[in-house]
Amino acid sequence: MEKIVVVVVFMVLLSCQNKKQESFGVEKTAVPEVAENSVEAKIKLGESIFNGVGLCHTCHKPDQKVIGPSIKEIATIYKEQNADMVDFLRENAKPIVDPTQYEVMKTNFAVTKSMSDEELQAIELYMHSLIK
Ligand code: HEC
């Protein structure tokens with residue numbers, strides 16, 4: 001009889017442990033929501049601006065050149081030259097990727113200049129996140 005009790009207790013303990021692990025896994029995948037200021041959350045914000053209100057995605061695709069250079073090309077050149085994308089988007093720095101097409105990009109400064117530091121930094125983080 002004692003043995004059965006021990007076995008039952010053991011099994012209950014085991015099943016509790018399994019549940020704990022399950023819920024831990026769920027919490028892990030929900031991290032961006034929990035840590036609002038995490039890099040992941042900022043990248044998500046940048047991505048949503050880039051593909052949403054910023055309309056950047058209409059000219060910039062991740063991998064291939066459309067109207068503008070691809071996001072990866074831009075991010076790679078900015079990384080290599082250690083350049084500041086936020087400065088560029090505020091019209092405080094010259095174009096370094098494709099200066100011959102600068103006039104086309106310039107039309108966006110009305111939008112990007114009205115964005116907050118946080119939003120511009122989020123866009124920069126998102127663009128850089130694609131080449132990591
Ligand atoms: C109408 C098309 C168009 C839209 C919309 C657009 N871009 Fe561009 N973008 C371009 C073109 C063309 C270039 C290449 C010219 C250049 O390098 O300045 C460019 C270049 C860039 C560069 C590289 C600048 C450099 O140093 O040469 C960045 C960064 C950039 N765009 C970010 C953005 C962001 C962020 C948005 C959204 C707010 C956006 N673009 C929306 C067309 C566009």
Side-chain angles (χ1 to χ4, degrees):
M1 185 61 194
E2 225 174 80
K3 266 189 189 158
I4 293 176
V5 170
V6 169
V7 169
V8 168
V9 167
F10 188 61
M11 280 168 76
V12 168
L13 277 178
L14 261 188
S15 70
C16 283
Q17 232 177 14
N18 279 344
K19 280 212 187 86
K20 257 186 207 153
Q21 273 170 355
E22 258 168 43
S23 68
F24 182 62
V26 169
E27 273 165 30
K28 246 187 162 176
T29 57
V31 156
E33 272 167 30
V34 178
E36 260 179 51
N37 265 326
S38 68
V39 174
E40 284 86 355
K42 287 179 187 167
I43 291 174
K44 280 244 173 302
L45 172 68
E47 184 177 10
S48 68
I49 298 170
F50 199 92
N51 295 325
V53 288
L55 294 177
C56 322
H57 70 294
T58 54
C59 293
H60 298 290
K61 305 288 176 211
D63 288 298
Q64 69 191 124
K65 185 183 163 82
V66 204
I67 299 167
S70 73
I71 301 174
K72 285 185 180 170
E73 185 186 349
I74 295 173
T76 304
I77 291 172
Y78 268 74
K79 195 180 174 191
E80 277 165 10
Q81 305 201 13
N82 199 15
D84 192 326
M85 222 179 263
V86 174
D87 272 356
F88 172 78
L89 295 172
R90 288 233 170 78
E91 213 176 354
N92 291 333
K94 290 200 168 73
I96 55 173
V97 177
D98 187 0
T100 62
Q101 297 296 307
Y102 183 49
E103 290 303 317
V104 182
M105 180 56 207
K106 260 183 147 176
T107 56
N108 297 291
F109 290 143
V111 176
T112 53
K113 280 173 165 177
S114 71
M115 290 179 184
S116 67
D117 286 358
E118 200 197 354
E119 290 167 328
L120 290 175
Q121 278 156 11
I123 291 177
E124 183 177 36
L125 275 174
Y126 164 63
M127 292 178 78
H128 279 292
S129 76
L130 294 187
I131 57 164
K132 267 178 207 155

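Counting convention: from 1, in listed order, for ligands and their atoms alike. Please read all numbers here as calculations on a predicted model, not as lab measurements.
Contact annotation for Met85 and ligand 1: only side-chain heavy atoms (C-beta onward) come within less than 4.0 Å of the ligand.
For the side-chain contact (heavy atoms from CB on, under 4.5 Å) criterion with Met115, the lone passing option out of Glu119, Lys113, Glu118 is Glu119.
At distances below 3.5 Å, not a single donor-acceptor pair connects side-chain atoms of Lys42 with backbone N or O atoms of Ser38.
Using a 4.0 Å cut-off to heavy atoms of Pro95, the atoms of ligand 1 that qualify are 18 (O), 25 (C), 26 (O), 27 (O). Close approach to Thr58 involves these atoms of ligand 1, each under 4.0 Å from a residue heavy atom: 5 (C). Remark: ligand 1 atoms within the under-4.0 Å shell around heavy atoms of Gly54 are 37 (C), 38 (C). Interface of Tyr102 with ligand 1, defined as ligand atoms under 4.0 Å from a residue heavy atom, comprises 15 (C), 18 (O).
Pairs of residues two or more places apart, or lying in two chains, never qualify as salt bridge (Lys or Arg N to Asp or Glu O under 4.0 Å) while including a residue from residues 74-89.
Side-chain contact between Tyr126 and Leu45: absent, with no pair of heavy atoms (C-beta onward) separated by less than 4.5 Å.
When the heavy-atom distances from atom 17 (O) of ligand 1 to Val53, Asp98, Ile49, Asp87 are ranked, the shortest goes to Asp98.
Of the protein's non-hydrogen atoms, Ile67 O, 3.6 Å is the one closest to atom 12 (C) of ligand 1. Looking at atom 23 (C) of ligand 1, its nearest protein heavy atom turns out to be Val97 CG2, 3.7 Å. The shortest contact between atom 25 (C) of ligand 1 and any protein heavy atom is with Ile96 N, 3.3 Å. With respect to atom 24 (C) of ligand 1, the closest heavy atom belonging to the protein is Phe88 CZ, 3.2 Å.
Shown here are the protein N/O/S atoms lying under 2.8 Å from atom 8 (Fe) of ligand 1, water excluded: His60 NE2, Met105 SD.
Taking CG of Asn108 as the start and SG of Cys59 as the end, the distance is 6.5 Å to the nearest 0.5 Å. One finds the CD1 atom of Ile77 at 8.5 Å from the CG atom of Asp98 (value rounded to the nearest 0.5 Å). Atom CE of residue Met127 and atom NE2 of residue His60 lie 6.0 Å apart, to the nearest 0.5 angstrom. The distance from atom CE of Met105 to atom OG1 of Thr112, rounded to the nearest 0.5 Å, is 6.0 Å.
Checked against a 3.5 angstrom limit, the closest N/O atoms of Tyr78 and ligand 1 fall inside it. In terms of polar-atom proximity, defined here as any N/O pair under 3.5 Å, Ile123 makes no such contact with ligand 1. Where the criterion is an N or O separation shorter than 3.5 Å, residue side chain and backbone included, Gln101 fails it with respect to ligand 1.
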Could you please spell out the steps behind the side chain to side chain contact (heavy atoms under 4.5 Å, CB included) verdict for Phe50 and Ile71? CA-CA 10 Å; Phe50 199 92; Ile71 301 174; 3.5 Å; yes
Yes or no on side chain to side chain contact (heavy atoms under 4.5 Å, CB included) for Arg90 and Asp117, after CA distance, side-chain angles and deciding distance? CA-CA 10 Å; Arg90 288 233 170 78; Asp117 286 358; 2.2 Å; yes
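Residue contacts with ligand 1 include Leu55, since one or more of its heavy atoms lies under 4.0 Å from the ligand. The closest approach between Thr112 and ligand 1 falls below 4.0 Å for a heavy atom of the residue.
If you chain together hydrophobic residues whose side chains sit under 4.5 Å apart, Phe109 and Ile49 fall into the same group. No chain of hydrophobic side-chain contacts below 4.5 Å, direct or via other Ile, Leu, Val, Met, Phe, Trp or Tyr residues, connects Val111 to Ile67.
Between Phe88 and Tyr102, the ring planes are tilted. Angles from 30° to 60° get that label.
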